[in-house]
Amino acid sequence: MNIKKIVLSMLTSISALALVACSSSSTNSLESIQEKGKLVVATSPDYAPFEFQTLVDGKNKVVGSDIDLAQAIADELGVKLEISTMSFDNVLSSLQTGKADLAISGLAVTEERQKNFDFSDSYYETKIKLLVRKSDVAKYTSLSSFDGVKVAAQKGSIPETLVKEQMSQANLVSLTNVGEAINELKNGQVDAVTIDEPVALSYVASNDDLAVATVELESTEGDANAVAMKKGNTELQEAVNAAIKKIRDANQYEEYLANAAKLKVVE
């Protein structure tokens with residue numbers, strides 16, 4: 001009798017573990033998203049025109065080309081969109097903890113990131129630029145021109161990796177927030193900021209004292225932005241890819257960028 005109880009107890013425990021595992025793996029699945037009627041997207045809104053804050057009816061609102069993309073994906077899934085804002089270095093980890101279903105935040109695909117996350121097809125090919133003070137443009141004619149000077153990059157970003165690889169003699173300053181990096185550039189605390197081309201152009205358009213250097217970093221990997229999600233969500237990945245295909249076929253993402261460029265950034 002005791003043996004039967006022990007066996008029954010073991011079987012019950014195994015069943016419970018199986019249910020937990022099954023539940024855990026399906027937390028951010030396409031089915032669960034559609035059941036709750038909501039798609040939670042993690043982003044770091046400090047990277048205009050991709051994702052940033054602007055004033056709408058006197059209130060701060062997260063907008064940008066990536067936010068328009070997120071809305072298109074939510075529409076494709078037939079659910080409401082919820083934007084979850086956080087620092088860039090927490091965007092991907094929010095997928096692992098189940099706090100977000102997708103991460104859309106100017107994310108490039110790299111081999112390292114692919115070890116822990118699945119990615120959609122790319123929706124935008126990136127170019128990395130060096131933003132400098134306009135008065136210093138003539139100083140920087142090659143990457144070696146930055147030897148010994150302070151170059152800022154967002155912590156955990158591809159530009160940060162490229163500075164380490166291609167500008168090893170520069171003094172890398174890793175910062176959490178892009179806006180902070182721009183302020184330090186304007187105040188003379190750093191001499192350059194590495195960011196995506198549309199972001200650099202956005203800051204130049206609203207800051208007469210800034211300019212894009214003629215020299216640029218060469219992207220060796222992760223030269224295209226994609227949507228990140230928890231590993232193993234094949235159905236969700238296929239649905240996201242379907243939305244991205246429609247957007248790419250219609251060249252809509254370029255429209256998203258153009259519309260976002262017209263909006264005023266709220267720091």
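FYI, the numbering just counts along the sequence from 1. All values below were derived from every heavy atom in this structure, side-chain atoms included, with hydrogens, water molecules and symmetry-related copies excluded.
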Please give me the minimum heavy-atom distance between [X] and [Y], naming the atom from each residue.
X      : Y      : result
Gly156 : Phe88  : O-CE2, 3.5 Å
Thr176 : Asp46  : O-OD2, 4.0 Å
Ile104 : Val227 : CG1-CG1, 3.7 Å
Pro49  : Leu257 : CG-CD2, 3.7 Å
Pro45  : Val62  : CB-CG1, 3.9 Å

Taking [Y]'s backbone N and O only, do any of them form a donor-acceptor pair with [X]'s side chain (distance below 3.5 Å, no angle check)?
X      : Y      : result
Asp191 : Lys150 : yes
Gln154 : Glu160 : no
Asn207 : Leu210 : no
Ser44  : Met86  : yes
Gln166 : Leu162 : no
Arg133 : Asp209 : no
Asn28  : Leu102 : no
Asn187 : Gln189 : no

Classify the side-chain pair [X]/[Y] by whether it contains a donor and acceptor separated by less than 3.5 Å.
X      : Y      : result
Asn241 : Tyr123 : no
Asp196 : Tyr47  : yes
Thr97  : Ser94  : no
Asn251 : Glu255 : no
Asp147 : Ser144 : no

[X] and [Y] ion-paired at < 4.0 Å:
X      : Y      : value
Lys230 : Asp101 : no
Glu125 : Arg248 : yes
Lys231 : Asp118 : yes

Trace of the side chain to side chain contact (heavy atoms under 4.5 Å, CB included) decision for Val137 with Val132: CA-CA 7 Å; Val137 169; Val132 299; 3.9 Å; yes
Distance in Å, Ile195 CD1 paired with Leu217 CG, rounded so as to fall on 0.5 Å steps: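 If we round to the nearest 0.5 Å, Ile195:CD1 and Leu217:CG are 11.5 Å apart.
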Aromatic plane relationship, Phe146 with Tyr140 - under 30° parallel, 30 to 60° tilted, over 60° perpendicular: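 Answer is parallel, since the angle falls under 30°.
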Among Lys246, Gln252, Lys245, side-chain hydrogen bond (donor to acceptor under 3.5 Å, both in side chains) partner for Asp249: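 Testing Asp249 for a side-chain hydrogen bond (donor to acceptor under 3.5 Å, both in side chains) against Lys246, Gln252, Lys245 leaves exactly one candidate, Lys245.
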Verdict with reasoning, Leu263 to Phe52, per side chain to side chain contact (heavy atoms under 4.5 Å, CB included): CA-CA 10 Å; Leu263 302 174; Phe52 60 101; 3.9 Å; yes
